[in-house]
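Let me begin by presenting the structure, written as structure tokens, before commenting on it.
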Amino acid sequence: EDQVTQSPEALRLQEGESSSLNCSYTVSGLRGLFWYRQDPGKGPEFLFTLYSAGEEKEKERLKATLTKKESFLHITAPKPEDSATYLCAVQVFTGGSYIPTFGRGTSLIVHP
Amino acid sequence: DGGITQSPKYLFRKEGQNVTLSCEQNLNHDAMYWYRQDPGQGLRLIYYSQIVNDFQKGDIAEGYSVSREKKESFPLTVTSAQKNPTAFYLCASKTGQGNHEQYFGPGTRLTVT
């Protein structure tokens with residue numbers, strides 16, 4: 001059973017066309033939700049951490065929000081360089097430690 | 001510069017051979033992780049270590065082995081028992097056992113034929 005579900009799997013946008021990516025989770029007692037960006041053939045790069053419902057964080061054209069059941073990554077006026085796979089992860093308490101569990105990601109392509 | 005290094009970037013092996021992937025970090029992080037990534041899949045946890053000389057199995061540990069003899073190093077061995085070893089392997093680290101983000105290495109793409 002997936003604990004982290006990301007949608008859509010793939011998203012194509014025109015430059016300047018704003019949209020949102022979704023990350024829904026089913027873990028109880030959330031201990032942090034993380035967004036990462038991954039370029040092809042490279043390791044993920046950390047973007048944001050959200051800890052509690054109502055929290056928001058921004059970085060350039062990206063804004064992450066969190067509710068009790070899901071998180072959104074809003075992309076405002078995207079540019080081609082925003083093309084990447086965006087990964088969401090939640091902390092799951094296992095064996096005395098918080099272990100990140102990842103969704104499958106959303107592949108974003110922004111056309112010029 | 002602090003960071004995580006993985007070597008080599010590309011690795012080719014014949015079926016039936018064991019192969020070891022290197023992961024080194026100079027971030028002074030306690031926890032280290034190995035993930036496997038296949039096309040269209042998220043990151044799946046192979047092994048993790050919260051402290052030197054201790055490690056735990058992740059979701060897909062079968063056919064893999066690790067060691068953690070030094071804080072800076074967490075090598076992963078892909079054994080011949082791993083039925084489908086061709087994949088992109090990512091190493092990560094984070095500080096402590098709490099709610100902190102992970103830092104990832106550049107990855108090693110392993111191809112077994």
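As the structure is a computational prediction, the values presented were derived from the model and not from experiment. Quick note on labels: first sequence line is chain A, next is B, and so on, each numbered from 1.
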| Is it the backbone or the side chain of A:Y51 that comes under 4.5 Å from a heavy atom of chain B, or both, or neither? |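 The answer is the side chain of A:Y51.
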
| said: Using heavy-atom distances under 4.5 Å, tell me whether A:Q38 contacts chain B through its side chain, its backbone, both, or neither. | reply: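 Interface part for A:Q38: side chain.
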
| request: Would you please go through residues 13-21 of chain A and name the residues with a non-hydrogen atom below 4.5 Å from one of chain B, in numerical order? | output: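 Residues qualifying by a heavy atom under 4.5 Å from chain B are absent, so none.
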
| task | Linking directly or through intermediates, with side-chain heavy atoms under 4.5 Å: list the remaining ILVMFWY members grouped with B:F12, chain and number order. | result |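 Same cluster as B:F12: B:Y10.
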
Which one of [options] has the most heavy-atom pairs closer than 4.5 Å to chain B?
{"options": "A:G32, A:P44, A:C88, A:G41", "value": "A:P44"}
{"options": "A:I99, A:T85, A:T101, A:L87", "value": "A:I99"}
{"options": "A:G103, A:P100, A:A89, A:A10", "value": "A:P100"}

| task | Tell me, please, which residues at least two apart from A:E55 pass salt bridge (charged side-chain N to carboxylate O under 4.0 Å, His left out). | result |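 So A:E55 forms a salt bridge (charged side-chain N to carboxylate O under 4.0 Å, His left out) with A:K57.
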
| field | Where B:L90 and A:K42 come nearest, the two heavy atoms and their spacing | value |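 Scanning both residues, the minimum pair turns out to be CD2-O, 4.5 Å.
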
| Between B:P106, B:G107, B:G58, which has the largest tally of heavy atom pairs under 4.5 Å with chain A? |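 Most heavy-atom pairs within the cutoff with chain A belong to B:P106.
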
| Looking only at heavy atoms, which of residues 41-49 of chain B get nearer than 4.5 Å to chain A? |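 Only B:Q41, B:G42, B:L43, B:L45, B:Y48 of residues 41-49 of chain B have a heavy atom under 4.5 Å from chain A.
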
| message | Less than 4.5 Å to any heavy atom of chain A: does that hold for the side chain of B:Y103, its backbone, both, or neither? | response |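 Contact with chain A is absent: no heavy atom of B:Y103 under 4.5 Å.
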
| A:Y36 side chain near B:F104 side chain, heavy-atom distance below 4.5 Å |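 Yes; the side chains approach each other to less than 4.5 Å.
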
